[in-house]
Amino acid sequence: MSAGSGHDTMRITLKIWRQAGPDAKGGMVTYTLDTVSPDMSFLEMLDVLNEELLAKGEEPVAFEHDCREGICGACSLVVDGIPHGPQSETTVCQLHMRHYADGATIHIEPWRANAFPIVRDLIVDRSAFDRIIAAGGFVSVATGAPQDANATPIGGEIAELAMDAAACIGCGACVAACPNASAMLFTAAKVSHLALLPQGKVERERRALAMVGAMDAEGFGNCTNHFECMGACPKGISVENIARMNREYLRATLVSRDLG
Amino acid sequence: MTPQASDAGRLDSKAPGGPIETRWDRHRFDMKLVNPANKRKFHVLVVGTGLAGASAAASLAELGYRVSVFCIQDSPRRAHSIAAQGGINAAKNYPNDGDSIYRLFYDTIKGGDFRARESNVYRLAQVSNNIIDQCAAQGVPFAREYGGHLSNRSFGGAQVSRTFYARGQTGQQLLLGAYSAMMRQVGLGKIKMFPRREMLDLVKVEGVARGIVCRNLVTGEYERYAGDAVVLATGGYGNVFYLSTNAKACNVTASWRAHKHGAFFANPCYTQIHPTCIPVSGDHQSKLTLMSESLRNDGRVWVPLEKGDTRKPNDIPEEERDYYLERRYPAFGNLVPRDVASRAAKERCDAGYGVGATGFAVYLDFRDAIARDGEDAIRARYGNLFQMYERITGEDPYRVPMRIYPASHYTMGGLWVDYNLESTIPGLFVLGEANFSDHGANRLGASALMQGLADGYFVIPYTIGGHFNARALPAVSTDAPQFQASETMARERTDKLLAVGGKRSINSFHRALGEIVWNKCGMARNEQGLTSAIEDIRALRAEFWENVRVPGDGGYLNQSLEHAGRVADFLEFAELLVSDALDRTESCGGHFREESQTEEGEAARKDDEFSYVAAWEFQGVGEKAKLHKEELTFEYVKPSQRSYK
Ligand SMILES: Cc1cc2nc3c(=O)[nH]c(=O)nc-3n(C[C@H](O)[C@H](O)[C@H](O)COP(=O)(O)OP(=O)(O)OC[C@H]3O[C@@H](n4cnc5c(N)ncnc54)[C@H](O)[C@@H]3O)c2cc1C
Ligand code: FES
C-alpha cells in the first residue's frame, strides 16, 4: 500500500464475487477500471464500476451501503481477505483509494458465515443480529416518567467504558473475521454496555443468558479465542468485552441456579 | 389562540388556546382515553425506524396497540438517524446558565425565523426534559462529568449550554436506545418488524388512511398491509440535492405518495444548508460528510483577507485573516445559526476569498483551542470527527485547519400536520423530519433529535387515541379494491421504469436534478433562477421517462430499480419545492430570496404578507399545486428581525 499514487488517475483491477441469488452458484469475476481517482472512496470506486457495467448493459454489483461515513454498519465487504479492508478501525465506506497504488488488484467478497446467508452478490442477511438484540439487548423500561437523568450519577470512567462498548455499529465484521464465524464480540459489546451501567444491572443475568442463547440458536460458531474480531472491528471494540460477557454469563448461571 | 386557518375546516391546526404553559396538559386531558382492553384491537402501521419511528413503535406497543413496522434497510438500527453526531437539546438547565423551557421555546421560535407554530414549539420544549430522562433510563451512555452528572455543550443559535451528547455519536446512541426498546417489543411479540420493505403507496378507505402497499426489496413482491392508522416517520428529502449529508437511501417517496392521496405538503422550500461540511472533491462525489456544528464551539471560521491568497493556511499571519463570523456577528460569533453561517461562507467564496482547489471552501481552525485547552482535550471532544476528516481528505486537522463548505443537510418542510401530528388525511400521522412542524424556516442544531423523539415517545402515544375514539373504523381487508388499485399503480410504475430501456444512467439524472436545485434553489434564490429551474426540472423529467436505463427486472433485489423509483419521485417533488420558493417572495431562515434582503445583506422577512404556513394540495404531476394557508399568530414571542450581532 502506498499513500497516494502521484498519478491523477489509477488503473485498478477488481476481482469481485458475483452471485445472482441465495441459491445460485457464485464466482469471482474480473473487471478493470482505468480512471480511479485517489480522492475517491472505495465505494465511489464501485459506483464508477457500476456505471460502466450499466452502460454496457450488464447488471451492476449489489453491495450494501447507506451512510457512507462509518456509522450505519451497512457496508460489509471483505477486501483482500480482510473485513472492511486494510485500514485499521475504518469501515470500507471510509477507506479511500489514495491508499492503493496504480495498477493494484483488489479482491472483494461478501461476509462469509452460516448465520449470514448471501442474498445477492456482496449482500448478506444479517437479521440474526436483530434477533439477538430482541432476546435481551435492552433495559426493560417503558416510555413514561423515569427519574431525573441526574438522579443516578455514573462515574466518568464507567460511562466511557460503556460508551466504548456501545459504539458497535452492528456491521458483522467480527463474524466475518472469525475462523469460527462467532458473534461473540457483537453480543459481548451489548452485554457489556448494559452490564456496566446501573440502569442495566437489574436484568443482567436474564440478559446474558438470553442473548447468549439466541446467539447459539442462530448458528454462530464458538469463540476459541483467536481474537481476529477485534482486529477487524472498525470501531475498535475490545475483546475485554468478551471476558466481561463470559463473567456475566457464568455469574448468571450461578445466580439462576441459586434462585432456581 | 384561535387557529385562523384561511380555509377553515381543512387546515385546522387544532392547537389549543389559553396560557401556553398548560396547553398540552389541557389538550391531553380533553382527549378521551382508549380503554386498555380496546388498544389490542387497533393495529398501527409505522413506516420508518429512525428516532421518530422507532420511539413511536416502541411506545405504542408498550401501551398495548398492535404494531407493524417497516423500513428500507436490512436492519431497523441502520435508519439515517444513526448518523447524527453532535447532540440533542433539552431545557434541563443543569449548568445553571439561565436556561428554561421558555428560553428553549423562545430560541426555537426565533431560530426558525418566526415561521413555526407557537403551541407545537412550546410542547417540544416541555417534553425535551422527559426525553433525556427516558434515554438515560434506557442506558444511553451520555457524556458525563467526573462527578457522574451529565455534560452539556453549546450549539448554534443559543447562548446557553443545553446540548446533551454521546461523543460525536449522539444519533447512534439515541437510536440504539429507541431500537432496543422496539426490539424488546418485537421479542415480546407485540411488534412485527418488516425490514427491507419500501412503502410505495398509501391506501385510503372511505377517506381514512387504512393501509400501505410495499415492495419487498429482496423478492420484489408487492405486499399489502391493512391497519387502523398509518404513521409515517420516513425522514427528510435532502437528497433532492443529490449531494447532501443524508444517507444514500433517504428519499421523499412515502411522503410524496401520501401527498398524491391528499396529504398537504407544507413549506417544501424550507431546506437547511449546513455550514460545516467537507467540500466536494471531484465528479465522483457520492455524498458530503458533515462536520458537526459542535466543532464551532472551539473552531474559528476564517478566510484570507486578501483575495486569491494561495499561501498555506498556517503561513497566513493572524492580522491577514478575516474571522468573518466574529467580525459580522460579535454577539454570537462562530455560533450563529446555520442559515446565517452558510450564507456568510457563500458570500465570502462568491466574492473570491474562498480557499482550496475549487475556491469553494473556508477554514475551520482549531489552532487557538488546541493552544488553550491542549490537544488531548480537543481529541476527547471531537476525536472521531477529526479522524473522519482525516480519512476523507488525507489531512490532519490537529495541524492544518479544516476546509469546509455548506451542503444540503436537513429539510424543515414536510407533510403538514396539526397539533396532533395528523396530516390532512385522517388517520395518517407524520413524525420526525418527515413533517413540517416545529422548526419553522430554520432548524437549530441538536433540535431534530429532540423533535423526532418528542413526536415518537411523548406526543403520538396520546394523540393517536383521538383518532381511534373519534372515528368508526370498520374492518378492512387487503382484498378491498383500494388495495388492488394501489398495488396496480405501484406495479405499473415499476414496470414502466423497467420498460424505458434508454441510454442514460439513473445516477446521472439524480446528479443533474441536484445541480438544478442546488444552483437555482439552494442558499440563494431569485425569481429568474426559480422560474427557469421549473422548466429545467420538467425537461429533465421528460427525458428521464424517455431515456433512463434501469437494468434487470423487478423480481429480485435490484438496487438500481429502487434508486430509479426514488429519483422519479424526486423529479416530481422538486417542482413543488421550487414553486414554493418562487411563491414566497420574502426571505426567512434557510429560504433566502435575493430580492428580499436588508442593506447589510441579511434575510428580510415580510410578516404582513407571509406569516403563514404554505400547505400545498396536489393537483397532478406538472400542475401547479393549490395553496392553502395556515396563518401563524404569535402571542408570546413577538416577531422581530432576527439579530445575532
Ligand atoms: C450527518 C447528520 C448529522 C446530524 N446530526 C444531528 C445532531 O447532532 N442533532 C440533531 O438534532 N439532528 C441531527 N441531524 C438531523 C437528524 O439526524 C435527522 O433529522 C433525524 O435523525 C431524522 O429522524 P427521522 O426519524 O425523522 O428519520 P430517519 O432517521 O431518516 O429515518 C427514516 C426511516 O424511514 C424509512 N423509510 C424511508 N422511506 C421509506 C419507505 N418509502 N418505505 C419504508 N421505509 C422508509 C427508512 O428506512 C428509515 O428507517 C443530523 C443529520 C445528518 C444528516
Ligand atoms: S455505509 Fe454506513 S458504515 Fe459504511
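In what follows, every chain begins at residue 1, and chains take the letters A, B, ... in the order their sequences are listed. Hydrogens, waters and symmetry mates play no part in the numbers below; they use all other heavy atoms, side chains included.
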Subject >> Beyond-backbone contact of B:Q138 with A:F138, side-chain heavy atoms, under 4.5 angstrom >> reply: no
**OP:** Check whether B:I191 gets within reach of chain A through its side chain, its backbone, both or neither, counting any heavy atom under 4.5 Å.
**Re:** neither
Subject >> Side-chain ion pair, B:K287 and A:D66, N-O less than 4.0 Å >> reply: no
Subject >> Exam field: side chain B:Q173 to backbone A:A166, donor-acceptor pair closer than 3.5 Å >> reply: yes
Original post:
Can you name the ring-ring contact (aromatic ring centres under 6.0 Å, His included) partners of B:Y179, sequence neighbours left out?
Top reply: none
Original post:
Taking every heavy-atom pair that is under 4.5 Å apart, which of B:R549, B:M193, B:M388, B:R167 has the most such pairs with chain A?
Top reply: B:R167
**OP:** List the steps, then state whether side-chain contact (heavy atoms from CB on, under 4.5 Å) holds for B:Y94 with A:D148.
**Re:** CA-CA 11 Å; B:Y94 286 155; A:D148 185 88; 2.7 Å; yes
Subject >> Pair B:Q285-A:M40, side-chain contact (heavy atoms from CB on, under 4.5 Å): steps then yes or no >> reply: CA-CA 7 Å; B:Q285 195 91 32; A:M40 280 178 187; over 6 Å; no
Original post:
With a 4.5 angstrom heavy-atom cut-off, which part of A:R68 approaches chain B: side chain, backbone, both or neither?
Top reply: both
Original post:
Can you find a heavy atom in the side chain of B:R144 that is under 4.5 Å from one in the side chain of A:E160?
Top reply: no
Subject >> Residues forming a ring-ring contact (aromatic ring centres under 6.0 Å, His included) with B:Y462, sequence neighbours excluded >> reply: B:W24
Original post:
Of the backbone (N, CA, C, O) and the side chain (C-beta and beyond), which part of A:S37 lies under 4.5 Å from a heavy atom of chain B, both, or neither?
Top reply: side chain
Original post:
Out of curiosity, A:T143 OG1 to B:I460 CD1, how far, rounded to the nearest 0.5 Å?
Top reply: 13.0 Å
Donor-acceptor pairs under 3.5 angstrom involving side-chain atoms of residues 194-202 of chain A: please list them, not counting sequence neighbours.
unit_1: A:Q199; atom_1: NE2; unit_2: B:A136; atom_2: O; d: 3.2
unit_1: A:K201; atom_1: NZ; unit_2: A:A195; atom_2: O; d: 3.3
unit_1: A:K201; atom_1: NZ; unit_2: A:L196; atom_2: O; d: 3.4

Original post:
With a 4.5 angstrom heavy-atom cut-off, which part of A:T152 approaches chain B: side chain, backbone, both or neither?
Top reply: backbone
Original post:
So what's closer than 4.5 Å to chain B heavy atoms on A:D130: side chain, backbone, both or neither?
Top reply: both
**OP:** Flag the pair A:E51 and B:R511 as a salt bridge only when some basic side-chain nitrogen lies within less than 4.0 angstrom of an acidic carboxylate oxygen.
**Re:** no
Original post:
Among B:Q85, B:E145, B:R196, B:M182, who wins on heavy-atom pairs under 4.5 Å with chain A?
Top reply: B:R196
Subject >> Region of B:L290 that comes under 4.5 Å of a non-hydrogen atom in chain A >> reply: backbone
Original post:
Quick one: does A:N150's side chain have a donor or acceptor within less than 3.5 Å of a partner on B:H149's backbone?
Top reply: no
Subject >> Closest-packed option against chain A by number of heavy-atom pairs under 4.5 Å, given B:K92, B:K503, B:R504, B:Q172 >> reply: B:Q172
Original post:
Of all of B:L557, B:I392, B:T289, which one pairs up most often with chain A through heavy atoms under 4.5 Å apart?
Top reply: B:I392
**OP:** Please assess B:T245 against A:E69 for the test side-chain contact (heavy atoms from CB on, under 4.5 Å), listing each intermediate value before the final yes or no.
**Re:** CA-CA 9 Å; B:T245 62; A:E69 51 187 58; 5.5 Å; no
Subject >> Pick from B:M183, B:Q559, B:Q134 with the largest number of heavy-atom pairs that fall under 4.5 Å of chain A >> reply: B:Q134
Original post:
What residues of residues 72-79 of chain B sit under 4.5 Å from chain A when only non-hydrogen atoms are counted?
Top reply: B:Q73, B:D74, B:S75, B:P76, B:R77, B:R78
Original post:
Quick one: are B:H80 and A:C67 in side-chain contact, heavy atoms under 4.5 Å?
Top reply: no
Subject >> For the student: nearest non-hydrogen atoms of A:L54 and B:S505, plus distance >> reply: CD2-CB, 3.6 Å
**OP:** Taking B:E62 for its side chain and A:G144 for its backbone only, find out whether a donor-acceptor pair lies under 3.5 Å.
**Re:** no
Subject >> Choice from B:G552, B:G177, B:P195 maximising heavy atom contacts with chain A below 4.5 Å >> reply: B:G552
Original post:
Considering only heavy atoms, which portion of A:I123 lies under 4.5 Å from any heavy atom of chain B: side chain, backbone, both, or neither?
Top reply: side chain
**OP:** Against chain A, label B:S81 side chain, backbone, both or neither, depending on which of its atoms sit under 4.5 Å from a heavy atom there.
**Re:** neither
Original post:
Taking side chain as C-beta onward, heavy atoms only, is B:H284 less than 4.5 Å from A:M45?
Top reply: no
